[in-house]
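In listed order, ligands and their atoms are each counted from 1.
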Amino acid sequence: MAERLKRTALTAAWVVGHEDGQHCLYRNGTVIVEGEKVLHAGHDFAGDVAETIDFGEALIGPGFIDLDALADLDTTVLGYDNHPPELKGRVWPQSYMAAGPREMYTPEELAFQKRYAFTRLIHNGITTALPIASLFYRAWGEKAEEFDAAAEAAADLGLRVYLGPAYRSGNLVVNEDRQIGFHYDEPRGFAGLAEAEAFVARHENNHGGLIRTMLAPDRIETSTPELLRRSGAAARDLGVPIRLHCCQSRLEYDLVLQQHGKSPLELLRDTQFFAPSTILPHGLFLSGLNGITHAAPDLEILTASGSSLAHCPLVMARSGKIMQSFARFRDLGVPIGMGTDTHPADMIQNMALGVMTARIAEGDPTAVRAADFYDAATLGGAAALNRADLGRLAPGSAADLNVIRLDSPDIGQRIDPIQTILLNGAGRDVSDVMIAGRFVMRDGVIPGVDDMAYHAKAQAQFDRMVAQYPDRTLFHPPVEEIFACSYGIKDA
Ligand SMILES: [Zn+2]
């Protein structure tokens, strides 16, 4: 990991500062970093500095906070055009469940994937990450040991993380009649929670506070009520954030209603799940929204709970779903942070799509502004984690920042850097990233990381995983049939 700098001035054409509880923009601004903190962000600084680094035509802003940060190999490409999920290996067939599901990756592969994913987050200007991975490829839940490796990787790369192995007590299965049902193993869920609690005790606040922990029960529909109850109580006892996928699909809402006679949010309320830092990806399917006609006080429960939504517009829009809407939740006072949740881990693309989908949802271009989403990706994430020192560049805040180039021909014309990056920018315009006063990326290069070698290694692991699909897909078709290509392939 790079050394921490002596008192250093970072200058650029634009700096996002922070005053009276909100961001402001300094033209030709300066950020003074000392140790792991910001000493000053604004214009004039009277004191001495050891060094000045000028980024020129660029925006220096607070690092992005990713509440649902992809931490494995993204499999979106497998389900992009290939539907429905239960015929394409994205719901386990009964036969696979009965045979005893297996790990699709080795522990070494899983450790590499976390490290690889963390480098992609840094490239996109993300400075705080709450990793998420799919359990489809696991024998059941995530293992504490792989998160020991993840903590090591994060510490080595200098990424600020909240880590916790995902656990669950149930899983969806599909039978030969294409009926989707559940397999439950509640003791396995309790064992997962115990493993996660032990992980918290081992890792909380390690590496100078860079490594924090959380509880991560996987999804509401794969958790029994007792697991939800114990998880919420554990999060409150341990004082760590808790994240649960909830209100993310129609199927989930219907299944929870069918099984428990209550809506997902009613189930969370009745199991006393909510903790001071509760993060719910994705908040799309609530009573009255996105076609849910069942009457339940979902919006009231959500608002009263103080939970933050993790809004991930890119992954959702890829499957035709949008939040209804960002503006409505904002006006109700529901805290909203952002997540990337898929490849690319491009927060800029997510903010841009967030603006578009929110305006589509409301049928009103004035419903949201670019700044709403820049706020969500910075201040919203910090609020979700109860971290007043993150998501802003102000005296005493963590020196977590990113530098976004404004001088590429691709960026077009500009009057304001925030609207410009949301219109024309991308994660690829992030050139430099600092976390806790250390540069973790300089001019597109992460020290000690060979991006091309990582890319090749990730593809090789992905190919081996895809080849294993037939026995875990209903009726066991060959790979070529499960994943059809866009056009007929003519091999030489
Ligand atoms: Zn998600």
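No more than 12 heavy atoms of other residues, nucleotides or ligands lie within 6.0 Å of CZ in Arg369, so this atom counts as exposed by the packing criterion.
Note on His282: its N/O/S atom closest to the Zn ion (ligand 1) is NE2.
Checking Ser169 against Ser223 by side-chain atom types alone, no donor-acceptor pair falls below 3.5 Å.
Residues forming a side-chain hydrogen bond (donor to acceptor under 3.5 Å, both in side chains) with Asp341 (at least two apart in sequence, or on another chain): His282.
Centred on the Zn ion (ligand 1), the angle running from Asp68 (OD2) to Asp341 (OD2) is recorded as 80°, rounding to 10°.
The Zn ion (ligand 1) has no N, O or S atom of Cys312 inside 2.8 Å of it.
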Side chains of residues 453-460: which donor-acceptor pairs under 3.5 Å do they make with residues two or more places apart or in other chains?
unit_1, atom_1, unit_2, atom_2, d
Tyr454, OH, Arg115, NE, 2.7
Gln459, NE2, Asp463, OD1, 2.9

